[in-house]
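Counting starts at 1 for both ligands and their atoms, following the listed order.
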Amino acid sequence: MRCDVCGNDYDKPLLVEYQGRDYSFDCFECAIAKLAPSCGNCGIQVIGHGHEAGGDIYCCAHCAAQAGHPEMRDRI
Ligand SMILES: [Zn+2]
Ligand SMILES: [Zn+2]
């Protein structure tokens with residue numbers, strides 16, 4: 001199977017179904033590059049839960065607050 005990101009042909013691909021589409025990747029790095037949402041404020045790719053506010057996703061509460069969601073807080 002070929003990786004959807006870098007085109008590497010790998011015999012044990014990661015197969016991911018996401019939002020109704022099938023993807024194949026040779027490594028998590030490529031999967032993240034393709035599928036991870038980016039922060040609505042700073043644009044960094046959000047890996048893990050992130051913070052969702054108003055339909056957008058943010059890497060941290062600080063970014064959510066900067067984008068107009070001051071109710072978001074990092075858990076301590
Ligand atoms: Zn790849
Ligand atoms: Zn951010």
Side-chain angles (χ1 to χ4, degrees):
M1 281 277 306
R2 274 187 192 283
C3 174
D4 283 344
V5 175
C6 67
N8 186 23
D9 208 345
Y10 190 55
D11 64 346
K12 293 191 193 73
L14 285 163
L15 299 174
V16 179
E17 194 186 318
Y18 183 68
Q19 296 185 343
R21 271 210 55 188
D22 288 320
Y23 297 92
S24 59
F25 303 105
D26 62 335
C27 62
F28 280 107
E29 195 178 344
C30 286
I32 289 165
K34 181 88 175 175
L35 299 180
S38 48
C39 175
N41 185 56
C42 69
I44 202 167
Q45 288 207 299
V46 179
I47 301 158
H49 288 288
H51 292 259
E52 219 180 314
D56 288 317
I57 195 143
Y58 301 96
C59 66
C60 60
H62 179 75
C63 277
Q66 290 232 318
H69 301 284
E71 73 279 11
M72 298 295 293
R73 297 213 197 290
D74 273 318
R75 266 177 289 184
I76 299 165

ask   = With the Zn ion (ligand 2) at the center, what angle do SG from C59 and SG from C39 span, rounded to 10 degrees?
value =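 My answer is 110°, to the nearest 10°.
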ask   = Which angle, to 10 degrees, forms at the Zn ion (ligand 2) with SG of C63 on one side and SG of C42 on the other?
value =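 Here the angle at the metal atom is close to 110°, to 10°.
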query = What is the SG(C30)-the Zn ion (ligand 1)-SG(C3) angle, to the nearest 10 degrees?
reply =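 For SG of C30 and SG of C3, the angle centred on the Zn ion (ligand 1) reads 110°.
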message = Using 0.5 Å steps for rounding, measure from the OG atom of S24 to the CZ atom of R2.
response =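 Rounded to the nearest 0.5 Å, the OG-CZ separation comes to 10.0 Å.
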request  = Give, for atom NE2 of H49 and atom CD1 of I57, the distance between the pair rounded to the nearest 0.5 Å.
outcome  =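 The distance works out to 10.0 Å.
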task = Would you indicate whether E29, at its atom CD, is surrounded by more than 12 heavy atoms from other residues, nucleotides or ligands within a distance under 6.0 Å?
result =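 No.
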task = Determine, using the 4.5 Å side-chain heavy-atom cutoff (strictly less than), whether L14 and Y10 are members of one ILVMFWY cluster.
result =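 No.
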inquiry  = Can you tell me if, anywhere in D26, an N/O/S atom lies at a distance from the Zn ion (ligand 1) that is smaller than 2.8 Å?
reply    =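 Given the 2.8 Å cut-off, D26 counts as a ligand of the Zn ion (ligand 1).
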